[in-house]
Amino acid sequence: MKIICIGRNYAKHIEELNNERPVDPVIFIKPDSAVLLKKNPFIIPPFSQDIHYEVEVLVKINRIGKYIDEKFAPKYYEEIGLGIDFTARDLQSKLKAKGLPWEKAKAFDGSAVIGKFYPKTGFDLESLNFSLFKNNEIVQDGNTKNMLWKIDEIIAYVSQFFTLKIGDIIFTGTPSGVGVVKPGDVLSGTLGNNKAFMINIR
Ligand code: MG
């Protein structure tokens, strides 16, 4: 199983990090070892002093596919979820400045929180609210209508490069409001009106 992540998919998040608006989707991959095991806390790794949360809508692939046409993309997923793309922002900034790959900052162990999945039929994917709470205060409040690339466009785009397999998960990008975590913080996410995850930071 692989995790395909989209970067810079919400205009306000691009602004908050002073990034350029991309012409094509920004893509990176996390290995299966990045998945934070269920019920485990997230342990801040020793190589970063600036771990950020990024809440993102997730799509679980349920059919194998390559060069998927956008109009057939809905056939490739039945469930969506919510997760966190944990990012070592200090390390990522250094790598970005040198034009180096981001993997050390994005794909480390535990960096992919994958919450509960729900049937997509229960949601309006064109306009779906999702939120992240830190210690019960809302810190990120997104809506899929603000995605620069919609789920079906993302599937069409990424499948030109990577064969999508059953069980692969796509992280569709974070809205604005990203920020730092410290030991003792509790993060929880909601997708529409549904609880998706709760994570303790250590
Ligand atoms: Mg992200």
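Numbering of ligands and ligand atoms starts at 1, following listing order. Index from 1, following the sequence.
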Ignoring waters, protein N/O/S atoms under 2.8 Å from the Mg ion (ligand 1) are Glu54 OE1, Glu56 OE2, Asp85 OD2
Is there a path from Val57 to Ile84 through hydrophobic residues (I, L, V, M, F, W, Y) whose side chains come within less than 4.5 Å of each other? yes
Do you reckon Leu36 sits in the same ILVMFWY cluster as Leu191, going by side-chain contacts under 4.5 Å, direct or chained? yes
Using the ring centroid of each side chain, check whether Phe86 and Tyr53 are separated by less than 6.0 Å. no
Listed by chain and number, what are the ring-ring contact (aromatic ring centres under 6.0 Å, His included) partners of Phe28, not counting sequence neighbours? Trp102
Set of ring-ring contact (aromatic ring centres under 6.0 Å, His included) partners for Trp149, sequence neighbours left out: none
Please name all residues satisfying ring-ring contact (aromatic ring centres under 6.0 Å, His included) with Phe47, sequence neighbours left out, ordered by chain then number. Phe108
